[in-house]
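Structure, as structure tokens:
Sequence lines set the chain letters: A, B, ... in the order given, protein chains first and strands last, and positions in each chain run from 1.
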Amino acid sequence: MFYNFKEIEEKWQKAWDSGNAFGARHDAARKKYYLLEMFPYPSGKIHMGHVRNYTIGDVAARFKTLQGYNVLHPMGFDAFGQPAENAAIKNKTKPDAWTHKCIKEMEAELKKMGFSYDWKREVATCDSSYYKWNQWIFLKMYERGLAYKKASSVNWCPSCETTLANEEVIDGGCWRCHTKVKLKDLEQWYLKITDYKERLLEDLKQLDNWPEKVLSMQSNWIGRSQGVEIYFRLKETNEAIPVFTTRADTIFGATYIVLAPEHPLVAKIIKGKPQEKEVLEFVERVSKESKVVRTSSDVKKEGRFSGSYAINPVNNEAVPIWIADYVLMEYGTGAIMAVPTHDQRDFLFAREHNLPMRIVIQPNDQRLTTNDQLSEAYDGDGVQVNSAQFEGMPNQEAKIKIAEWMQETGIGKIQTHWRLRDWLISRQRYWGTPIPIIYCKKCGVVPVPYEDLPVRLPVDAPFTGEGGSPLGKVKEFVEAECPKCKSHARRETDTMATFFDSSWYFLRFCSPDFENGPFDKAEAEYWMRVDQYIGGVEHAILHLLYSRFFTKFFKDLGLISFDEPFIRLLTQGMVLKDGEVMSKSKGNIVDPDSMIKKYGADTLRLFMLFAAPPETELEWDDRGLEGAFKFLNRVWRIHESLKEEADSQMLKILHKSIKKVTDDIQDFKFNTAIASLMELTNAIYQFGADKGVFSKLVLLLSPIVPHFSEELWQILGNKESILKARWPEHDPALLVEQTVTIVLQVNGKVRSKIDVPADISEDKLKELILQDDKLKTWIQDKPIKKFIAIPKKLVNLVV
RNA sequence: GCCGAAGUGGUGGAAUGGCAUACACGUCGGUCUCAAAAACCGAUGAGUUCACGCUCGUAAGGGUUCGACUCCCUUCUUCGGCACCA
């Protein structure tokens with residue numbers, strides 16, 4: 001009754017596997033296509049998100065193969081990370097054994113979906129043959145001053161007992177376990193990604209085929225802001241206090257300045273002042289508050305007067321210096337000029353503390369003369385007032401002119417500030433790449449020599465779950481010989497953040513077994529860049545930014561010739577159930593494996609592609625899955641009743657479908673591609689198909705439902721696999737219509753339709769139309785003012 | 001606050017200036033059957049009409065156009081990102 005998906009899928013998976021059907025070989029004569037999906041963490045089980053991501057990629061890979069491209073479609077595992085350590089603590093296994101077991105299970109699940117991976121290129125980042133090159137890259141960065149150690153206050157997750165990168169703190173909590181992040185003073189390794197900030201921002205312009213959303217997220221994250229650093233002077237000592245502003249046009253309205261509580265000048269300026277004790281208490285209290293509390297916008301801004309004054313360099317006015325929690329030491333200079341009339345935060349603060357205000361921008365559409373006319377700051381554009389030589393100038397123009405004037409007179413300096421910070425990569429964990437550094441009492445920080453790589457993780461480490469990294473407790477690991485002076489030394493016990501591993505794996509896939517470097521230059525030049533990258537939008541900032549950074553670094557090393565790793569990017573939408581993300585805690589998970597057992601992998605693939613366009617969220621629907629299964633059975637039955645010859649009507653529909661499906665798959669519009677395959681199937685039910693027509697349908701379906709199509713292809717008498725076939729092309733001659741249906745409108749409303757020869761002249765058409773009965777009742781005897789004809793489509797009469 | 005995306009039948013969605021709701025799910029009806037399932041065929045935006053039809057209808061309002069889901073302006077809602085960023 002139903003086609004035997006179980007037998008068919010097992011049969012073809014075996015055949016593809018034993019025939020190494022998807023092995024990719026460097027062939028300079030052929031045009032390459034590198035298709036990559038973000039590799040998974042090997043949890044052991046795939047979820048619907050994986051199924052969706054990898055199905056989208058698989059269709060594209062198979063489609064490109066049929067079109068004759070030399071396709072590289074690899075898969076591997078992002079295998080370092082915390083769950084392996086947790087499992088080790090819980091189950092008394094070793095992270096290495098646990099991870100490799102999970103990889104095996106996951107491979108099996110991926111194979112059950114029929115994905116066309118070149119398994120010979122598989123990499124796992126936890127293998128020393130891979131992480132050796134992490135260490136190599138780290139040392140290259142160290143040599144160039146791009147990897148450095150710094151003591152600072154860092155984000156610390158008390159639950160994971162490790163540091164976190166800025167990028168890993170989400171809403172003040174740990175990205176993994178959501179525990180509230182604390183600040184801790186530690187010596188940590190950083191990568192100087194900020195050296196690449198200009199290129200990382202500028203090169204976003206090259207990425208025409210990335211989603212707008214991702215580009216804007218990256219650009220926000222890098223956070224370039226152009227302005228002026230203005231030097232106010234301390235009234236008493238004439239010492240400079242730099243402040244940063246993007247609104248130089250408002251400088252004449254700066255009526256006080258504010259320092260961050262952590263500002264180094266604070267202690268100096270309050271010394272001996274009556275306010276000293278009060279300010280010190282305030283600073284102490286604020287510094288204890290976590291950043292989360294301080295930066296939540298609903299908290300009222302607090303501040304204290306320092307007792308000192310500063311000189312505004314543009315008018316030599318003495319303005320009070322305040323200390324307030326709404327100014328952050330990390331951004332700009334840690335000090336601001338406050339313009340209460342034209343900045344809302346300053347406005348609220350000034351009202352609260354009775355500070356002076358001065359209007360310096362006059363709105364174009366209203367008269368603003370007295371401060372009490374303001375109920376909030378005016379931050380729009382206008383004309384300069386109370387602004388000395390800039391009086392009357394439009395503020396946008398003044399912004400530039402004032403900045404230039406300041407630059408010339410030395411009052412200030414045109415500057416650019418960035419939000420992007422260096423990347424903290426030290427993690428106090430065991431299951432990661434050891435940082436290849438040795439600390440010697442005599443020689444200091446000594447990099448491990450290249451010939452000593454890899455620094456291997458010790459197999460035996462105590463996993464107690466208590467305090468600190470297990471690596472620090474392995475004596476044989478910690479104790480090392482200094483590479484320089486050979487004296488007794490100590491090895492770095494921190495490991496690298498796992499985002500390091502995934503920042504270059506796409507290059508490793510080009511030559512996964514290469515032993516003389518992270519990748520073979522010639523192979524990378526052939527296969528890279530990745531033509532199409534596919535993954536979740538949750539990696540829009542972290543992973544993609546780091547990968548771009550590494551690629552630029554490799555270019556600077558002379559290892560590759562390109563700046564950007566990924567030509568096209570597709571971020572697939574999430575899979576929802578009942579409007580919510582599938583998750584264990586919500587208990588709404590649908591297990592792919594059980595769906596494969598019930599309907600087969602082909603049905604699951606078909607449903608995933610049909611239910612929504614790839615970029616949007618997909619609502620899981622059991623009945624939709626059944627519908628997909630019904631469709632496949634409907635197609636299956638066609639082969640039992642093929643005609644000798646297909647009629648011309650059928651051929652026309654077929655070639656229309658070929659065009660539509662080809663165009664849609666090209667554009668990743670799989671849902672509409674499938675819709676037209678359904679229409680084609682419906683047409684076959686109406687008109688009947690011969691072997692030729694049906695073969696084309698099977699071929700068009702094959703990237704989507706590969707096992708199903710292989711089997712029918714064989715049933716149709718083909719000796720070779722459908723993978724060796726070529727994608728069909730439509731015959732343009734068959735798409736030319738002899739007659740066309742013209743829609744007839746009167747005053748823009750559809751009133752009638754008429755069938756006419758496709759090559760009819762406009763005059764002849766007009767003549768025919770005016771004889772149309774339905775139209776006559778609408779026109780009656782009103783004069784026709786206008787006659788608009790869109791060839792082969794529509795005519796609109798205006799009466 | 002700033003940046004980005006989106007809002008279409010009972011449901012998932014299609015149409016990017018030219019027949020709104022393709023394709024599917026669901027529902028209803030029919031054929032087959034002792035019966036059911038499966039399969040096949042048909043109907044299915046709302047209002048109104050015996051009916052041919054007509055009117056309304058793509059978050060709301062306005063505009064451009066012979067013609068707007070599509071372009072422009074205003075507003076609302078939802079989702080995502082950044083954010084006391086000076």
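Contact annotation: A/R623 side-chain N/O to B/G12 OP1/OP2 distance is not under 4.0 Å. Here A/K786 reaches the OP1 or OP2 of B/C66: one of its side-chain N or O atoms lies under 4.0 Å away. When the side-chain nitrogen and oxygen atoms of A/R419 are compared with OP1 and OP2 of B/A83, one or more of them lie within a distance under 4.0 Å.
In this structure, A/W423 has its ring center no closer than 6.0 Å to that of A/F499. Side-chain rings of A/F349 and A/F347 stay apart, their centers remaining 6.0 Å or farther from each other. Taking the six-membered ring where the residue is Trp, the centroids of A/W620 and A/F607 are separated by under 6.0 Å. Ring to ring, A/F631 and A/F610 are not that close: their centroids are 6.0 angstrom or more apart.
Rounded to whole angstrom, the span from the NZ atom of A/K213 across to the P atom of B/G4 amounts to 13 Å. When rounded to the nearest whole Å, the span between CZ of A/F607 and C1' of B/G13 equals 12 Å. To the nearest angstrom, C1' of B/G13 lies 14 Å from CG of A/D664. We find that CD1 of A/I684 is positioned 17 Å from C1' of B/A39, with the value rounded to whole Å. Protein atom CD of A/E617 is 9 Å distant from nucleotide atom C1' of B/G80, rounded to whole Å. If you take CD1 of A/I222 and P of B/G81, they are 18 Å apart, rounded to a whole angstrom. The interatomic distance linking A/Y3 (OH) with B/A39 (P) rounds to 14 Å, in whole Å.
Looking at A/R285 and A/E302, a side-chain N of the basic residue comes within less than 4.0 Å of a carboxylate O on the acidic one, giving a salt bridge. Using a 4.0 Å cut-off between a side-chain N of Lys or Arg and a carboxylate O of Asp or Glu, A/K213 and A/E615 do not qualify as a salt bridge.
Looking at heavy-atom distances under 4.0 Å, A/K630 makes contact with sugar-phosphate atoms alone, never a base. As judged by a 4.0 angstrom heavy-atom cut-off over every strand, A/W418 is placed among residues making no nucleic acid contact. Counting any heavy atom pair closer than 4.0 Å across all strands shown, A/R751 reaches sugar-phosphate atoms only and no base atom. Among the protein residues, A/E615 comes within range of no part of the nucleic acid, since none of its heavy atoms lies under 4.0 Å from any strand. Residue A/P613 is in sugar-phosphate contact alone, with no base atom involved, counting any heavy-atom pair closer than 4.0 Å across all strands shown.
The closest side-chain donor-acceptor pair between A/D755 and A/T739, if any, does not fall under 3.5 angstrom. At a cut-off of 3.5 Å, with distance as the only test, a side-chain donor of A/R634 or A/N682 sits close to an acceptor on the other residue.
Comparing A/K669 and A/R345, the nucleotide of RNA chain B nearest to each residue sits closer to the 5' end for A/K669.
Base pairing in RNA chain B yields stems of at least 3 consecutive Watson-Crick or G-U pairs, both distances under 3.5 Å, namely B:1-7 with B:76-82, B:10-12 with B:23-25, B:26-31 with B:39-44, B:45-48 with B:53-56, B:59-63 with B:71-75.
When the nucleotides B/C66, B/C85, B/A39 are ranked by their closest atom to the side chain of A/L328, B/C85 comes out on top. Comparing atom distances between the A/A612 side chain and each of B/A83, B/A39, B/G13 picks out B/G13 as nearest. For A/S225, the side-chain atoms get nearest to B/A86 when compared with the rest of B/C82, B/G80, B/A86. The side chain of A/E212 lies closest to B/A5, out of B/A5, B/C3, B/C25.
Using modelled atom types, one side-chain atom of A/T333 and one backbone atom of A/P242 make a donor-acceptor pair closer than 3.5 Å. A/H263 places a side-chain N or O within donor-acceptor distance of the main-chain N or O of A/L265, the cut-off being under 3.5 Å.
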Nucleotide by nucleotide, nucleotides 17-24 of chain B touches protein heavy atoms under 4.0 Å in the pattern (B base, S sugar-phosphate only, - none) -BBS-BBS
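Glycosidic conformation of B/G9 is syn; the angle stays within 90° of 0.
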